[in-house]
Each structure stands twice: as C-alpha cells, then as structure tokens.
Colleague: 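Structure incoming, see below.
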2 protein chains.
Amino acid sequence: MFSQTVEYALRAVVFLADHAPTACTTDQISTATQVPKPYLSKVLQNLGRNNIVRSQRGIGGGVTLVKMPNELTILEVVNAVEPIERIHTCPLGLKSHGTQLCPLHQRMDEALEMVEKSFKQTTVAEMLSEPGGSHPLCENPKAVAYKQVKKRQ
Amino acid sequence: MFSQTVEYALRAVVFLADHAPTACTTDQISTATQVPKPYLSKVLQNLGRNNIVRSQRGIGGGVTLVKMPNELTILEVVNAVEPIERIHTCPLGLKSHGTQLCPLHQRMDEALEMVEKSFKQTTVAEMLSEPGGSHPLCENPKAVAYKQVKKRQ
DNA sequence: TTGAAAATGGACATTGACATCCTGTTTTGC
DNA sequence: GCAAAACAGGATGTCAATGTCCATTTTCAA
C-alpha cells in the first residue's frame, strides 16, 4: 500500500536525521539503507525540490535535512514524494455526492485520514529515540552508541 | 494510496449488494460503476477466483455475491484483489529487527493495521444503509426507492 | 591549475498496473 | 439443434513506477 519510493524516502530521511547535522553522501545513504544508488539519487533530488533536504556538490558535500528531525514529520516526507490524496469529491462524478461522499468513499477517505493523522503526529526524531524498539537501519543496538561517538570526528 | 483496481472491486461489490440476490451482468455493473467493461470483467474474474462472487454463464446469467452483504467485509474484497501486506519482518533484512521492528517500520505497520481493522469492521451492507450519506453509485437518493421497487420484477 | 569527489539532469531499460480485443465456452430459450 | 446471451481466458497495447547509465556541473584541495 505504500510505494517503494515512499519507503526509500523515509529510510533516507531517517538515516540523515541519525547523522544530523553532518552531511551524508548518496553513497553512504545507499549503502546503509539498501536503496539502489542511482534511484536513491532521484528520490533525494525529489526531496530537495520539495525542500525536505538540501544538497551540496563537490568534495565534502552531501545531503542534509533542511529541518531539525524533531520538527520534521513523516507526513511531510511522504507528501513530498507521493502525496496522500484524500477523497474530496465523488470519484464517479455524481453531482449529488459532491459535498457529501457516499458511505463507500467516506470509509475509504476515513482510512486515508487515519494514516494522514498518524503520520502527521510522528516526527523523524521519534524514530531514533524510541525506547523499546531496535534502531532504524542498524543491525545492532550497540551500533547507536558507536555512531554517536564517531559522528563529530 | 488505494489502487484503481481496489476502487473498482469495491464499486462492483457494492452494486451487487445493492441488487442482491439478483444476478447482474458485467454490462450492468460496468454502466453503473463507470468501470471499463473489459477491465471490470478481469476484476470480477479475480473476485470469482477468491470466492467473493459467483458467476453464471448464458442467458439470464450474471454475477452474484457468494456471501450476504452483512457478512461480507470490505477487507475481504480488498484482500481478494490486492492484499494489504502487513510488515512482519524488517524490509532491510536486518536480523536483529526480525521479531521487533524498528520504530520506522512499526509506524508504517501501525498505519496498515489501522486500515486493516477499519476495513474489517465495515460490512458491505453498511455501505447501503448509512443514514446520513448519499447512496453509493446513485445520483439521486430517490433512486433508492425506485430500485427497491424494480428489483423483484 | 588541475584532479578527484560529489550532486545534477537527461536518456534509456524494465516491470507491473491498467486497459482493450478477440476467440472460445457455457447456458438458456425456442 | 441452433442462435443469442453471457462469462472465461489469452494476447496485446499503453503508461507510469522503478531502476540504470552516463555526461555535465560544482566544489574543494593539493
């Protein structure tokens, strides 16, 4: 139900948040997120156009998040690459359903609304600080501490 | 986020429920639901293989629901044509995430779970008897009464 | 100044969703 | 039995999502 591109974009953003504010290269992100590099670069370009990430060419360059991870919701990321299209008018074009959807499309739109709300309430920072779960993109929980040390070298 | 095919399948099933237990031809369904007939026939075939509908060839034939509308959930319909794939294991294949998803995939799976639950709780019959909304696939609420009369001619 | 690192953009391949068409098969009514 | 109604299934076409490749541009540092 979620496209591959959405999954890839979220992985990339989580990786960037995990390393913020250090810039990361497409190569690094690709390796860690297991997203094919050429395609990842397209996804990142897309995120750039939508002002989710900023990129810097040349040596020492790379990609960084525009916002702080605790101010960036996953809804913003999803909507940048593949907007959640709520159902506003009757898909069949029935005029009498214009303002009031029929129960079928009401239910479908409700489902979309639930997902939208859930994603709007979740920041990227929360993905990294969750107590119970394992750490995104990392094989071993121990790796978190390791990265924290390594980050500012 | 929902595929065209899912939308088509739901329209067809709602139409069939609205006319149950009378059989409807692909032509009738296609006209009412605005689904292209050749493609609709594929969708119906698919629903047939998944035991959601039963079809009868020949003069006077057509398609009918296998279950009563109040016993058929829209989740069953959706899962027949395009199963909601919950996230059970880490998409990156990280072994340590095997049983416990990382927060990212937890959130994504939660969204899927919400949709799944919502669809599981909704029967096709509910689509037709909703008090407030307009009637599915019908331009005018009055048309409901008309069809009720016409149904058993 | 020059070379290496890195993103950018355009062109191209692949795949699956969506859609159409045609032929065959089953069923009914005469 | 025959003709018409209706679904079944295979072959094919189209397009967007996904994925790849390469030349170009930008940036930094030696």
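Heavy atoms only: backbone and side chains are in, while hydrogens, waters and symmetry mates are out. Order of the sequence lines fixes the chain letters, A, B, ..., with proteins taken first and strands second; residue numbering starts at 1 for each chain.
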Colleague: Which parts of residues 23-31 of chain A get close to DNA chain C, meaning a heavy atom less than 4.0 angstrom away?
Modeller: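 Contacting residues: Cys24(A), Thr25(A), Thr26(A).
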Colleague: Let me see the working for Arg11(A) and Glu7(A) under salt bridge (charged side-chain N to carboxylate O under 4.0 Å, His left out), right down to the final yes or no.
Modeller: CA-CA 6 Å; Arg11(A) 283 189 208 171; Glu7(A) 162 86 26; 2.7 Å; yes
Colleague: Would the Phe2(A) and Phe119(A) ring centres measure less than 6.0 Å apart?
Modeller: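 Yes, close enough.
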Colleague: Closer to the 5' end of DNA chain D via nearest nucleotide, is it Ile59(A) or Ser3(A)?
Modeller: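 That would be Ser3(A).
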Colleague: Whole angstrom is fine here: how far is it from CZ in Arg49(A) over to C1' in dG9(C)?
Modeller: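 After rounding, the gap between these two atoms is 9 Å.
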Colleague: Gln45(B) has an atom CD; how far is it from atom C1' of dC21(C), in whole Å?
Modeller: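 The distance from CD of Gln45(B) to C1' of dC21(C) comes to 14 Å, rounded to the nearest Å.
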Colleague: Minimum heavy-atom separation for Ala23(B) to Gln28(B), with atom names?
Modeller: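 Nearest heavy atoms, Ala23(B) then Gln28(B): O-OE1, 4.3 Å.
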Colleague: Write down the distance between CG (Asn46(B)) and C1' (dC18(C)), rounded to a whole number of angstrom.
Modeller: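 One finds 13 Å between C1' of dC18(C) and CG of Asn46(B), rounded.
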Colleague: Here's a test of your reading of the structure: between Lys42(B) and Val63(B), which maps to the more 5' nucleotide of DNA chain D?
Modeller: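 Here Val63(B) is the residue nearer the 5' end.
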Colleague: If you look at every strand shown and take non-hydrogen atoms under 4.0 Å, does Ser55(B) touch a base, only sugar-phosphate, or nothing?
Modeller: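 The answer is sugar-phosphate, as Ser55(B) gets under 4.0 Å only of primed atoms, P, OP1 or OP2.
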Colleague: Could you give the CZ-to-P distance, from Arg57(B) to dG29(C), as a whole number of Å?
Modeller: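 Nearest whole value for this atom pair: 17 Å.
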Colleague: Which part of the nucleic acid, if any, lies within reach of Pro38(A) when heavy atoms closer than 4.0 Å are counted: base, sugar-phosphate only, or nothing?
Modeller: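 Counting heavy atoms under 4.0 Å across all strands, the contact made by Pro38(A) includes a base.
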Colleague: Report whether Met108(A) and Ile84(A) are members of the same hydrophobic cluster (ILVMFWY, side-chain heavy atoms less than 4.5 Å apart, transitive linking).
Modeller: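 Both belong to a single hydrophobic cluster.
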Colleague: Rounding to an integer number of Å, can you tell me how far Leu44(B) CG sits from dA19(C) P?
Modeller: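 Between P of dA19(C) and CG of Leu44(B): 14 Å.
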Colleague: Once rounded to the nearest 0.5 Å, what's the spacing between atom CG of Leu40(A) and atom CG of Leu47(A)?
Modeller: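 Atom-to-atom, Leu40(A):CG and Leu47(A):CG are 9.0 Å apart.
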Colleague: Starting at atom NZ of Lys37(A), determine the distance to atom P of dA5(C), rounded to an integer number of angstrom.
Modeller: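 Rounded to the whole Å, the gap is 11 Å.
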Colleague: Give the rounded distance in Å between these two atoms: CD of Glu82(B) and P of dG16(C).
Modeller: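 Those two atoms, CD and P, are 14 Å apart.
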Colleague: Taking the basic N atoms (NZ, or NE/NH1/NH2) and the acidic carboxylate oxygens, is any pair closer than 4.0 Å for Lys67(B) and Glu76(B)?
Modeller: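 Answer for the salt bridge query: yes.
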Colleague: Which heavy atom of Pro21(A) sits nearest to which heavy atom of Thr64(A), and what is that distance?
Modeller: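 In this case the closest contact between Pro21(A) and Thr64(A) is O-CG2, 3.8 Å.
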Colleague: For Leu40(B) and dC18(C), give me the distance from atom CG to atom P, rounded to whole Å.
Modeller: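 So the CG-P distance, Leu40(B) to dC18(C), works out to 14 Å.
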Colleague: Does Gly62(B) reach a base, just sugar-phosphate, or nothing at all? Heavy atoms under 4.0 Å.
Modeller: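 Here Gly62(B) touches the backbone only, sparing every base.
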Colleague: Start at the 5' end of DNA chain C and walk down; is the nucleotide closest to Gln56(A) or to Gly58(B) reached first?
Modeller: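 Of the two residues, Gln56(A) wins.
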Colleague: What are the 5'-most and 3'-most nucleotides of DNA chain D lying under 4.0 Å from any heavy atom of chain A?
Modeller: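 Range of nucleotides within reach of chain A: dT18(D) to dC28(D).
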Colleague: Is there a path of hydrophobic side-chain contacts, each under 4.5 Å between heavy atoms, that joins Met114(A) and Ile87(B)?
Modeller: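 Result: no, two separate clusters.
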Colleague: Can a donor-acceptor pair be found between the side chains of Tyr39(A) and Ser30(A) at a distance below 3.5 Å?
Modeller: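 Looking only at side-chain atoms, Ser30(A) and Tyr39(A) do not form any donor-acceptor pair under 3.5 Å.
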